[in-house]
Amino acid sequence: MDLRLLLVGLLLGWAAQAPAQQISIGLGGDVTSIDPHYHNLTPNNNVADHIFGTLVHKDEKQRPLPGLAESWRPIDDLTWEFKIRKGVKFHDGSDLSAEDVAFSIDRTGKVPSSPAPFTIYTKQVTEAIVVDPHTLRLKSAAPYPNMVIDISTVQIVSKKAAGAASTDDFNSGKAAIGAGPYKLARYVRGDRIELVRNDAYWGPKPHWERVTFRLLTNDPARVAALLAGDVQAIENIPTADMARLAKNPGFGIFRTVSNRVIYLHIDSNRDKSPFVTDKAGKALERNPLKDVRVRRAMSKAINRQAIVDRVMEGLAIPAGQLLPDGMYGVSPRVKADAFDVDAAKKLLAEAGYPDGFGLTIHTPNNRYVNDEQIAQAVAQMLTRAGIQTKVEAMPANIFFSRGSKLDFSFMLVGWGADTGEVSSPLKSLLATYSKEKGMGAANRGRYSNPKMDQILEQALATVDDGKRELLLQQAVDVAMADVGVIPTHFQVNTWAARKGIGYTARTDERTHAHAFVPVKP
């Protein structure tokens with residue numbers, strides 16, 4: 001072959017890869033909708049970050065940064081003012097204004113059939129006042145110091161495009177008009193999401209012209225796609241594959257402790273529970289999960305360190321509360337229950353169940369790292385303590401749909417605190433369910449403790465940061481002593497990328513295509 005032709009071919013091949021960059025990324029969690037207000041779920045919120053955008057952005061440690069709002073300030077005890085960034089265009093070329101922001105906040109409470117609505121973050125807004133196209137004031141009935149961080153969770157949509165739009169209109173792309181760094185090209189449910197760069201984006205221009213998110217919820221398939229070069233990066237490295245990928249010089253590994261707690265939600269409110277039986281499988285007339293001694297016994301029967309070491313292969317931290325150490329609102333007084341089967345059996349006997357009872361744990365099998373395996377381990381541990389437990393696993397879309405209908409007695413779930421502080425899981429998972437107040441939106445066990453509610457509400461109206469944190473810690477103390485949920489562990493967030501691509505690991509699990517950047521090998 002002519003050497004000059006060979007060199008030209010090599011240069012053309014290199015050029016084809018360099019400027020017109022494309023990246024495919026394997027996601028570990030399924031995306032249930034493109035509608036950014038339909039389902040408060042991390043995979044959905046992650047994709048929405050690319051297409052829409054929020055008033056307040058967050059860095060990799062969840063510290064607030066200017067986003068679509070370039071500044072904000074309290075006007076008085078009941079009013080926050082946001083200055084909307086000028087010159088921001090939606091993907092259709094129209095201007096983004098305060099009207100769009102007010103519409104987006106209002107829309108969060110009006111999306112039909114939402115499995116987990118965003119109203120835990122917006123119900124405090126009693127009025128949105130459009131002062132001018134670039135000034136919005138948000139009113140609350142009481143002082144609300146968390147206004148800025150809560151509003152950071154709300155994606156801003158175009159009032160013109162989404163005014164009469166359904167969730168299906170977003171999924172088809174018709175209403176998916178945002179102001180984010182990427183435009184939606186195609187959403188194929190359960191398969192992929194294709195994005196193209198928004199060259200009119202107000203912020204830093206992303207490196208990648210085209211992005212494909214592959215929905216690879218099966219762990220071996222996700223790793224195989226990375227090894228084969230079908231994707232250039234993946235999230236949620238399976239624990240079984242971490243060691244070999246870390247030793248492979250062709251890949252880079254990125255990790256950090258997550259804000260996500262994996263926990264067990266308990267049907268602690270109903271007199272009868274659908275999946276609680278005697279040892280022979282007959283439904284019990286009285287729900288033992290209402291008794292705190294039973295819930296405490298279940299917590300003590302779980303060997304968290306064994307789950308971390310054997311199921312998670314070290315890529316987790318035992319959990320006794322809702323957020324890991326160092327985050328705002330974590331109580332210094334709450335520790336993970338020590339594993340103690342004898343103590344668990346004693347508590348069950350005191351509660352009137354010396355021979356235990358029967359129970360089913362429901363779990364997704366494609367949402368969290370090793371979710372089904374964790375549920376199997378928990379079932380074995382509870383069975384040893386006398387609670388004969390079986391596992392029913394299912395895909396995440398079915399699991400969340402049924403969970404929101406309160407179909408289960410005992411379920412394995414995860415919660416990532418988008419706000420980076422403990423009021424998020426307290427409001428959503430443990431506050432008494434109230435559609436009017438926007439509380440308990442993901443409280444699928446319908447746990448209720450008036451004392452905890454009162455402390456939480458006081459905390460949310462306390463402006464002083466130090467005093468508010470002390471109150472939040474007290475709320476954590478009350479809820480964990482009452483075993484409102486049973487935390488098992490905090491995940492360690494992981495990503496892998498082919499050599500030459502870098503990523504900054506995030507506590508919030510977000511996999512941002514625009515944050516994957518070329519690096520020198």
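In this chain, numbering begins with 1 at the start of the sequence shown.
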TODO: For side-chain contact (heavy atoms from CB on, under 4.5 Å), just list the numbers for Arg85 and Leu68, CA-CA rounded to whole Å, side-chain angles, deciding distance to a tenth of an Å, and then say yes or no.
DONE: CA-CA 5 Å; Arg85 193 178 295 275; Leu68 295 175; 5.6 Å; no

[Y] and [X] side chains, donor-acceptor separation under 3.5 Å:
X: Thr217; Y: Asp30; answer: no
X: Asn171; Y: Ser33; answer: yes
X: Arg468; Y: Ser423; answer: no
X: Ser299; Y: Asp337; answer: yes
X: Asp168; Y: Ser166; answer: no
X: Glu509; Y: Gln491; answer: yes
X: Asp267; Y: Ser409; answer: no

Minimum heavy-atom separation for [X] and [Y], please, with both atom names.
X: Asp199; Y: Lys205; value: OD1-CE, 3.6 Å
X: Ala344; Y: Ala385; value: CB-CB, 4.3 Å
X: Gly26; Y: Leu216; value: CA-CD1, 4.0 Å
X: Pro364; Y: Leu412; value: CD-O, 3.4 Å
X: Asn40; Y: Ile120; value: ND2-CD1, 4.3 Å
X: Ile193; Y: Leu215; value: CD1-CD2, 4.4 Å

Regarding [X] and [Y], does a basic nitrogen lie under 4.0 Å from an acidic carboxylate oxygen?
X: Asp95; Y: Lys89; answer: yes
X: Arg506; Y: Asp508; answer: yes
X: Asp150; Y: Lys427; answer: yes
X: Glu70; Y: Lys83; answer: no
X: Asp59; Y: Arg63; answer: yes

Would you say the side-chain atoms of [X] pair up with the backbone N or O of [Y], donor to acceptor, closer than 3.5 Å?
X: Asn46; Y: Thr511; value: yes
X: His91; Y: Gly180; value: yes
X: Thr32; Y: Asn397; value: no
X: Thr383; Y: Ala379; value: yes
X: Arg304; Y: Pro487; value: yes
X: Tyr328; Y: Glu469; value: yes
X: Arg222; Y: Glu235; value: yes
X: Gln62; Y: Asp418; value: yes
X: Asp371; Y: Arg367; value: yes
X: Tyr121; Y: Ile149; value: no

Indicate yes or no: at least one non-hydrogen side-chain atom of [X] is less than 4.5 angstrom from one of [Y].
X: Val330; Y: Gln321; result: yes
X: Val378; Y: Ile361; result: yes
X: Thr153; Y: Thr122; result: no
X: Val517; Y: Ile501; result: no
X: Leu55; Y: Ile84; result: yes
X: Val111; Y: Phe118; result: no
X: Pro36; Y: Val157; result: yes
X: Phe516; Y: His207; result: no

- [ ] Could you label the plane-to-plane angle of the Phe275 and Phe408 rings as parallel, tilted or perpendicular, counting under 30° as parallel and over 60° as perpendicular?
- [x] tilted

TODO: Could you tell me how the ring of Phe400 sits relative to the ring of His39: parallel (under 30°), tilted (30 to 60°) or perpendicular (over 60°)?
DONE: perpendicular

Task: Quiz item: cation-pi between Arg255 and Trp495, 6.0 Å / 45° - done: no

Open item on the list: So for atom CZ, which belongs to Arg310, do other residues, nucleotides or ligands contribute more than 12 heavy atoms lying within a distance under 6.0 Å?
Closed with: no

Open item on the list: With a 6.0 Å cut-off (strictly less than), is the heavy-atom count around CZ of Arg402, excluding the residue itself, greater than 12?
Closed with: yes

Task: Option from Asn45, Asp49, Thr54 for which side chain to side chain donor-acceptor pair (under 3.5 Å) with Gln155 holds - done: Asp49

Open item on the list: Between Phe90 and Ile177, is the side-chain contact (heavy atoms from CB on, under 4.5 Å) condition met? List the steps.
Closed with: CA-CA 6 Å; Phe90 282 114; Ile177 306 300; 3.9 Å; yes

Could you tell me the separation between the [atom1] atom of [X] and the [atom2] atom of [Y], rounded to the nearest 0.5 Å?
X: His489; Y: Ile262; atom1: NE2; atom2: CD1; answer: 5.0 Å
X: Ile151; Y: Thr108; atom1: CD1; atom2: OG1; answer: 8.0 Å
X: Thr504; Y: Phe254; atom1: OG1; atom2: CZ; answer: 8.5 Å
X: Ile23; Y: Arg498; atom1: CD1; atom2: CZ; answer: 11.0 Å
X: Met242; Y: Ile253; atom1: CE; atom2: CD1; answer: 5.5 Å
X: Ile307; Y: Asn370; atom1: CD1; atom2: CG; answer: 11.0 Å

- [ ] Go through the steps to decide whether Arg333 and Asp477 satisfy the test salt bridge (Lys or Arg N to Asp or Glu O under 4.0 Å), and finish with yes or no.
- [x] CA-CA 7 Å; Arg333 295 171 292 277; Asp477 292 343; 2.7 Å; yes

TODO: Evaluate the side-chain contact (heavy atoms from CB on, under 4.5 Å) criterion for residues His37 and Phe170: first the C-alpha distance (whole Å), next the side-chain angles of each, then the deciding distance (0.1 Å), finally the verdict.
DONE: CA-CA 10 Å; His37 305 144; Phe170 278 89; 5.9 Å; no

- [ ] Using ring pair (Phe, Tyr, Trp, His ring centres under 6.0 Å) as the criterion, point out the one residue from Phe213, Trp208, Tyr201 that pairs with His50.
- [x] Phe213

TODO: Might you work through the side-chain contact (heavy atoms from CB on, under 4.5 Å) test for Asp241 and Val223, ending with a clear yes or no?
DONE: CA-CA 8 Å; Asp241 295 293; Val223 173; 3.6 Å; yes

Open item on the list: Could you check, using the six-membered ring where one of them is a Trp, whether His265 and Phe410 have ring centers closer than 6.0 angstrom?
Closed with: no

TODO: Tell me, with the steps shown, if Arg186 and Glu194 meet salt bridge (Lys or Arg N to Asp or Glu O under 4.0 Å).
DONE: CA-CA 5 Å; Arg186 186 167 67 134; Glu194 296 175 357; 2.9 Å; yes

